[in-house]
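Letters A, B, ... are given to chains in the order of the sequence lines, protein chains preceding strands, and every chain is numbered from 1.
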There are 2 protein chains.
Amino acid sequence: MEHSGRVKMSDVARRAGVSVATVSKVVNGRYGVAQATLDRVQQVIADLGYEASLGASSLRSHRTHVVGILVAEFEPFSTELLKGASEAIGSTEYELLAYSGGGRRTDVGWERRYLSRLGGTLIDGAIIVTPTVVDAHSVIPVVAIDPHTGPTGLPTVDSDNFAGAVMAVEHLVALGHRRIGLMGGRPDLESARLREAGFRAALQAAGLEVDESLVVNGGFRPETATQPARELLDRPDRPTAIFAANDLSAIRTIEVARELGLRVPDDLSVIGFDNVPESALCEPPLTTISQPLRDIGARALHLLIDLLDDKHDKDVPTHLQLPTALVERSSCRALA
Amino acid sequence: MEHSGRVKMSDVARRAGVSVATVSKVVNGRYGVAQATLDRVQQVIADLGYEASLGASSLRSHRTHVVGILVAEFEPFSTELLKGASEAIGSTEYELLAYSGGGRRTDVGWERRYLSRLGGTLIDGAIIVTPTVVDAHSVIPVVAIDPHTGPTGLPTVDSDNFAGAVMAVEHLVALGHRRIGLMGGRPDLESARLREAGFRAALQAAGLEVDESLVVNGGFRPETATQPARELLDRPDRPTAIFAANDLSAIRTIEVARELGLRVPDDLSVIGFDNVPESALCEPPLTTISQPLRDIGARALHLLIDLLDDKHDKDVPTHLQLPTALVERSSCRALA
DNA sequence: ATGAAAGCGCTAACAT
DNA sequence: ATGTTAGCGCTTTCAT
């Protein structure tokens, strides 16, 4: 039936005996179409299974009812946010487009690249996950989740990283640990900075000194946490407990510990941060500080939709901060 | 500097003192540009932070180096696949676009709608997750993950659902269970059909009769599993064990059991299917049949890339089937 | 080596 | 109520 490729608006128009303009009106529910024409065109659309090309229509109309969620990579953290956003979008008129680069994902400025690539045409607004380079004045409304250090000027959703880190260290201290290491996160992110600050504050409050040789940078990813974990653990004066700035690096730390012949939690206690589902899959199950990740995703989405629908005062920079909580599992234990 | 909106190719052209055609050549690495011009244009691109609009370029070029993964919803199952695809795309030249509808996600035919909306222009190929309506002859190459009942003609990746289901039931039987219920999945999906078939086959092999009142349809989702779970459990002759066709309905079954005052696994054993990370988070942790979901996502992606790069004989319908395995946790126990 | 011009599929004025 | 026309931002012949 169709010569080559997808059915387009002109196909519908020809078959219905009208102009493409009329089909466009029908598709977009514009007024000024006779009932009979409407019915006929809709019938043809149904018959042919026509659906407007997002690329083409967005190019012209600049309103797509699609929101983007831009991530460097689909990993446990970002996909939890995605689940929350997906659930939240159910109550809206929008569709959800999640975008991630390929191999070159370590490059800085991906968030700006993706925003240029998709913004202005394909998506009406975007949620950017852990952006480091943010131009506050984007073409389209943008909400940041867990952004880089310093004020961004962007509406932001995150959780109380400082309080969470304090909670983690207090838990270790209460368990009798005195020699506590920090597997730090990406230093360009505010969350990592605050977790380190919380770590230091809690130690100080407990009357403990920070041994700087016990503070390493794990970069939030398993690959980047391996070497730092070895540095921390492969030495006679190793810590008895480690606070890792996120679950992924905590899990990697546990793996490295086992490779070195250490038992967790008997020889080493490890506490993480995030409470991604993978933390429960870990052996032993990881004690961690939970962030309400799905809720964060959902809040960010609603914030964005409010921005798009002009239900929000754009002059008030929004910062939603959600609470953290201790989740006790089996990777920490009291010092004998 | 920029009057209004994003920087476009004409802005670059003006600033570099060349035509848009030349800029296009530079951006796309075409030959026929003097070195000096090349340098100058690239400099301007860098200065302005220009990035081509995906919508506009795809409209014209029909080759975007973006692949789509189309899902009804971002939930634990699809996001595991997404993680696998994301990892796999790192070794390619492509970028990844995941698309999901909004509220109307229960409608049938979403896969066709999304394919028309994005295919032909925005994406070069697509992975469709649990499609029920598949037109084998799409405009762009398509790979299906866990498709609907019957032959689709599409390259497909799934796991050995039948063997997995048999394994699940054999486990329950070995534990001494004789009265075993089935929380079935979406009957339009081949995977659900095969899991039910495996359930029946394993019972028969064990010399057990299938009590049809113990076979219900949970629809793979928590919302749709609630009522069927009550039907199964809120009766004097309830089963001592339930095999649920996926983890989400297994988890919901456990929740319903607790609401009814039953203890799991003491009063009821439950085994799931999928091994999504959430299954470990469940209380008690769920015994389940694992599918290598991330691997499935990765395989599907590689298959699609091979199709796009013509490294694959298109006349051979591919069906990759991956193995399942029993994961014992705490939701099943031997009958006293 | 560079630019002018046409057109991808669609929407939005503006005619009729 | 419907059709005509002019683009949206880009790529791609085809001239020059």
Can you tell whether the side chains of [X] and [Y] come within less than 4.0 Å, N to carboxylate O?
{"X": "B:Asp11", "Y": "B:Arg14", "result": "yes"}
{"X": "A:Arg117", "Y": "B:Glu95", "result": "yes"}
{"X": "B:Glu73", "Y": "B:Arg221", "result": "yes"}

Residues forming a salt bridge (Lys or Arg N to Asp or Glu O under 4.0 Å) with B:Asp146, sequence neighbours excluded: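 Scan of B:Asp146 (salt bridge (Lys or Arg N to Asp or Glu O under 4.0 Å), adjacent residues dropped) gives none.
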Side-chain touch A:Asp124/A:Arg63, heavy atoms, less than 4.5 angstrom: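 In contact.
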Decide yes or no for A:Leu81 and A:Ile127: does some side-chain heavy atom of the first lie under 4.5 Å from some side-chain heavy atom of the second?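 Result no, sub-4.5 Å side-chain heavy-atom pair not found.
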Can a side chain N or O of B:Arg6 be found less than 4.0 Å away from OP1 or OP2 on D:dC10?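 Yes.
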Kindly state which residues belonging to residues 53-69 of chain B come within less than 4.0 angstrom of DNA chain C, counting heavy atoms of the residue only, listed by number.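 Going residue by residue through residues 53-69 of chain B, the ones with a heavy atom under 4.0 Å of DNA chain C turn out to be B:Leu59, B:Arg60.
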Between [N] atom [atom2] and [X] atom [atom1], what is the distance in whole Å?
{"X": "B:Tyr50", "N": "D:dG9", "atom1": "OH", "atom2": "C1'", "value": "7 Å"}
{"X": "B:Met9", "N": "D:dC8", "atom1": "CE", "atom2": "C1'", "value": "14 Å"}
{"X": "B:Leu122", "N": "D:dG9", "atom1": "CG", "atom2": "P", "value": "16 Å"}
{"X": "B:Arg30", "N": "D:dC14", "atom1": "CZ", "atom2": "C1'", "value": "16 Å"}

Are a donor atom and an acceptor atom from the side chains of A:Gln43 and A:Asp39 found within less than 3.5 Å of each other?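 A:Asp39 and A:Gln43 do not have a side-chain donor-acceptor pair below 3.5 Å.
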For DNA chain D, which residues in residues 31-38 of chain B have a heavy atom at a distance below 4.0 Å?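 By residue number: none to list.
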I would like to know whether A:Val129 and A:Ile69 meet side chain to side chain contact (heavy atoms under 4.5 Å, CB included); could you show each step before the answer? CA-CA 7 Å; A:Val129 179; A:Ile69 170 158; 4.2 Å; yes
Mind listing the closest non-hydrogen atom pair of [X] and [Y] along with its distance?
{"X": "A:Val7", "Y": "A:Gly49", "answer": "CG1-O, 4.5 Å"}
{"X": "A:Glu51", "Y": "B:Ser116", "answer": "CB-CB, 3.4 Å"}
{"X": "A:Val44", "Y": "A:Ala16", "answer": "CG2-CB, 3.9 Å"}
{"X": "B:Arg6", "Y": "B:Tyr50", "answer": "NH2-CE1, 4.5 Å"}

Map A:Lys25 and B:Thr121 onto DNA chain C by nearest heavy atom, then report which one ends up closer to the 5' terminus.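 Its nearest nucleotide being more 5', the pick is B:Thr121.
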If you check every side-chain atom of B:Ser24, which of D:dT12, D:dG3, D:dC10 has the closest atom?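 Of D:dT12, D:dG3, D:dC10, D:dT12 is nearest to the side chain of B:Ser24.
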Which angle, to the nearest 10 degrees, lies between the helix axes at the two ends of the helix from C:dA1-D:dT16 to C:dT16-D:dA1, each defined by five pairs?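 The value is 40°.
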Start and end of the DNA chain C segment that chain B contacts, any atom under 4.0 Å from a heavy atom: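 Under 4.0 Å from chain B, the extent on DNA chain C is C:dA1 to C:dG9.
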Exercise answer: donor-acceptor pairs, residues 294-309 of chain A side-chain atoms, under 3.5 Å, sequence neighbours excluded:
unit_1, atom_1, unit_2, atom_2, d
A:His302, ND1, A:Ala298, O, 3.3
A:Asp309, OD1, A:Tyr94, OH, 3.0

Under 4.0 Å, heavy atoms only, any strand: does A:Val27 hit a base, just the sugar-phosphate, or nothing?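 No contact at all - A:Val27 keeps every heavy atom at 4.0 Å or more from the nucleic acid.
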